[in-house]
2 protein chains.
Amino acid sequence: MNPPTIKDVAKAADVSVATVSRVLHNLAGYSDKTRQKVMQAVEELGYQPNAIARGLVNKRTQTIGVLFPDVSSSFSSDILRGIEEIAQEKGFSVIVCNTAEEGKRTMKYLQVLREKQVDGIVFTSEVLKDEYFQVIKEMRVPVILVNTMSQKYTIPYVKVDDRQAAYHATDYLIQKGHREIAMLSGSLKDQIAGYPRFEGYRQALADNGIEYDESLVAIGEFELEASRLAMRRLLAEAPSFTALFAASDEMAIGAMRAAFEQGLRIPDDLSIIGYDDLKFARMVYPPLTTIHQPLTMMGRMASEKLIALIEEGSTQVASSIVSHHLVERQTVKSKP
Amino acid sequence: MNPPTIKDVAKAADVSVATVSRVLHNLAGYSDKTRQKVMQAVEELGYQPNAIARGLVNKRTQTIGVLFPDVSSSFSSDILRGIEEIAQEKGFSVIVCNTAEEGKRTMKYLQVLREKQVDGIVFTSEVLKDEYFQVIKEMRVPVILVNTMSQKYTIPYVKVDDRQAAYHATDYLIQKGHREIAMLSGSLKDQIAGYPRFEGYRQALADNGIEYDESLVAIGEFELEASRLAMRRLLAEAPSFTALFAASDEMAIGAMRAAFEQGLRIPDDLSIIGYDDLKFARMVYPPLTTIHQPLTMMGRMASEKLIALIEEGSTQVASSIVSHHLVERQTVKSKP
DNA sequence: ATGAAAGCGCTAACAT
DNA sequence: ATGTTAGCGCTTTCAT
């Protein structure tokens with residue numbers, strides 16, 4: 001009636017459970033005919049090991065937990081895909097945790113992951129607060145940070161250098177002949193995607209002898225509608241500009257929308273470069289020139305590092321600054 | 001050194017483990033001061049129950065497995081979000097499984113879910129093959145289908161009526177005065193998103209006295225580039241048409257691209273309606289008129305049904321055909 | 001080569 | 001009100 005256990009197999013094969021366990025794990029210590037008998041019993045009963053019982057004794061669940069601020073975003077799900085891919089290859093399952101806005105559920109989820117005895121955690125796109133770190137520390141499992149990092153604690157991370165990538169984007173615009181370059185930035189309080197990108201923009205200007213003009217940058221949210229409005233304001237009130245660096249693709253698209261509404265043509269009248277290279281960057285028209293972050297690969301790397309930490313008990317793995325690249329599509333044009 | 005167990009708590013509180021278990025579960029059978037002692041010990045030791053051990057005895061893991069053909073698609077991740085939301089509310093964790101193209105890893109994953117003793121499964125967007133059904137049956141856990149269904153087995157599902165929704169889309173175009181309506185369809189062998197949508201299109205034409213013209217429909221993949229090419233061919237070779245029904249938003253966007261390239265204006269020269277209402281439908285320009293599928297809600301419903309099945313051991317819950325709706329944006333225009 | 005038995009951390013009778 | 005104990009299904013000494 002109930003699913004067969006190792007005991008049932010042992011009985012059917014007329015051996016002890018220890019022996020069954022041995023053959024199941026390819027350990028030494030049984031004759032070939034014993035092996036046959038056991039395998040046959042397994043086959044006939046349709047036996048499947050119970051990973052829960054196994055986990056109890058091994059203190060390993062072959063499961064990792066992954067925390068996202070928003071699982072359903074294109075950004076998160078690309079990372080997730082990479083994580084899952086490697087995890088399953090290496091025999092791990094992944095529990096997804098949506099921490100919701102401002103990590104409202106982060107603590108609760110860490111709790112759950114702890115009770116569920118996950119072997120490791122990947123923490124993405126959010127600032128690692130002290131309280132998070134404390135409970136993770138108590139869990140005594142490895143963590144990997146993705147698209148975020150911690151100044152305070154030395155935890156391996158996988159991310160691109162946002163400052164450098166933003167610098168790259170801005171510099172590209174400059175190389176194309178633009179001098180009046182506006183920016184749509186996230187909050188400067190945002191240590192992940194806000195401040196660093198703004199800094200990169202500013203530095204690129206400085207290095208090219210272009211004076212920074214505060215009225216050329218609009219600071220707002222990473223969201224289409226808000227960005228459309230911000231861009232509209234920029235267009236109305238700011239000094240004129242021929243190019244725009246948007247701190248995210250979604251912002252860039254909001255900006256494009258605003259530009260269209262003012263009758264501007266892109267890239268003829270205005271060049272725009274985005275950041276992220278989410279799937280829809282190539283779906284808009286004209287296709288968006290942007291900074292590509294290799295999200296799926298970052299997920300893979302994180303997964304690999306984490307599992308290395310789990311399996312080899314390697315105390316430390318190195319962090320990775322992965323390289324972004326700029327993908328030229330059709331929203332940037334040389335200034336004549 | 002090791003994380004404290006219930007035994008440690010019992011010792012510290014100077015009671016038996018049974019008593020600790022009782023207060024942890026709010027069962028009756030202890031004095032108030034005992035309760036105090038226990039809670040204090042829990043506090044001091046930082047005790048956290050071990051869900052694995054609990055799962056072993058309860059035969060319940062408070063975990064569900066979710067299978068997606070592609071976790072990272074906008075489509076899947078919207079559903080995932082809904083599932084996760086309800087699951088965490090009800091105290092369940094979700095293991096994500098990416099079955100990859102053509103369910104290559106489905107069998108393997110079902111295996112894993114079985115070993116991990118998940119309490120239930122949600123199976124999305126793929127045909128439920130016999131072999132899948134067999135192992136799920138052996139697992140003796142409830143399943144819910146999302147965006148798919150089974151003729152052969154009576155398994156509760158959550159989906160929209162694709163045929164009806166496609167009918168709606170086509171009929172809408174007709175009501176707007178269009179008579180020459182092309183379609184970009186998925187493979188007619190695709191029982192989920194292919195054939196039913198095609199049928200809806202055809203039926204709407206028929207019911208409005210419009211003759212079906214085979215040369216007006218292009219059958220291809222649900223993918224941007226392929227659709228762009230298909231559309232280009234349609235534009236070149238098919239009889240002229242004033243409107244297009246695309247079986248997915250991505251197809252619609254590919255079609256828009258092809259149209260732009262031919263110098264057509266949308267919706268002035270050509271009306272287009274899509275299907276799905278993924279996030280990027282509103283990001284393109286002009287924003288896409290399309291059939292909205294309430295994916296996140298469908299995820300929530302599936303999660304709810306599944307958990308009901310798990311908890312109340314309800315033998316059966318009803319399937320739900322959820323209603324789509326048509327969202328009017330800017331790609332369809334009345335024919336003058 | 002094989003088996004007996006002691007747990008892993010917890011729950012749930014069954015006693016008292 | 002509280003404790004004792006027998007498992008849950010498995011792995012792993014330790015014997016033999």
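Computed from heavy atoms alone, side chains included, the values below leave out hydrogens, waters and symmetry copies. Within every chain, numbering begins at 1; the chains are lettered A, B, ... in the order of the sequence lines, protein sequences first and strands thereafter. The structure displayed is predicted, hence computed values, not measured ones.
- In this structure, the OH atom of A/Tyr30 is 11 Å from the C1' atom of C/dA1, given to the nearest Å.
- Once you apply a 4.0 Å limit to the heavy atoms of chain B, the touched nucleotides of DNA chain D run 5' to 3' over D/dA1 to D/dG9.
- Distance A/Lys116 NZ to C/dC10 P: 15 Å, rounded to the nearest Å.
- Distance A/Lys7 NZ to C/dA4 P: 12 Å, rounded to the nearest Å.
- By the side-chain contact (heavy atoms from CB on, under 4.5 Å) test, B/Glu101 pairs with B/Lys104, sequence neighbours left out.
- Residue A/Ser31 is classed as a sugar-phosphate contact, given heavy-atom separations below 4.0 Å to backbone atoms only.
- Taking for each of A/Pro3 and A/Leu27 the nucleotide of DNA chain D with the nearest heavy atom, the 5'-most of the two is the partner of A/Pro3.
- A tilted orientation is assigned to the rings of A/Phe123 and A/Tyr132, their planes being inclined by 30° to 60°.
- Of the N and O atoms on the side chains of B/Ser93 and A/Lys116, at least one donor lies less than 3.5 Å from an acceptor on the other residue.
- Between B/Val57 and B/Ser16, the one whose closest nucleotide on DNA chain D sits nearer the 5' end is B/Ser16.
- Straight-line distance from the CG atom of B/Leu24 to the C1' atom of C/dC10: 10 Å, rounded to whole Å.
- Nucleotide C/dC8 holds its P atom 13 Å from the CG atom of B/Leu56, rounded to whole Å.
- For the pair A/Ile6 CD1 and C/dG3 C1', the computed distance is 13 Å after rounding to whole Å.
- A salt bridge is absent between B/Arg105 and A/Glu89: the closest approach of a Lys/Arg side-chain nitrogen to an acidic carboxylate oxygen does not fall below 4.0 angstrom.
- Within 6.0 Å of CG on A/Asp14 lie no more than 12 heavy atoms contributed by other residues, nucleotides or ligands.
- The distance between atom CZ of B/Arg22 and atom P of C/dA12, rounded to the nearest whole Å, is 11 Å.
- The side chain of A/Lys33 contributes no N or O atom lying less than 4.0 Å from OP1 or OP2 of C/dA1.
- Here A/Ile79 contributes atom CD1 and A/Ser74 contributes atom OG; the two are 10.0 Å apart, rounded to the nearest 0.5 Å.
- Non-hydrogen atoms lying under 4.0 Å from DNA chain D are contributed by nothing in residues 37-46 of chain B.
- Rounded to a whole Å, the CG atom of B/Asp8 is 9 Å from the P atom of C/dC10.
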Side chain to side chain contact (heavy atoms under 4.5 Å, CB included) between B/Val112 and A/Gln62, intermediate numbers included:
CA-CA 10 Å; B/Val112 171; A/Gln62 301 295 121; over 6 Å; no
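- Ion pairing between a basic and an acidic side chain is recognised when a charged N comes within 4.0 Å of a carboxylate O; B/Arg114 and B/Glu138 show such pairing.
- Other residues, nucleotides and ligands contribute only 12 or fewer heavy atoms inside 6.0 Å of the CD atom of B/Gln151.
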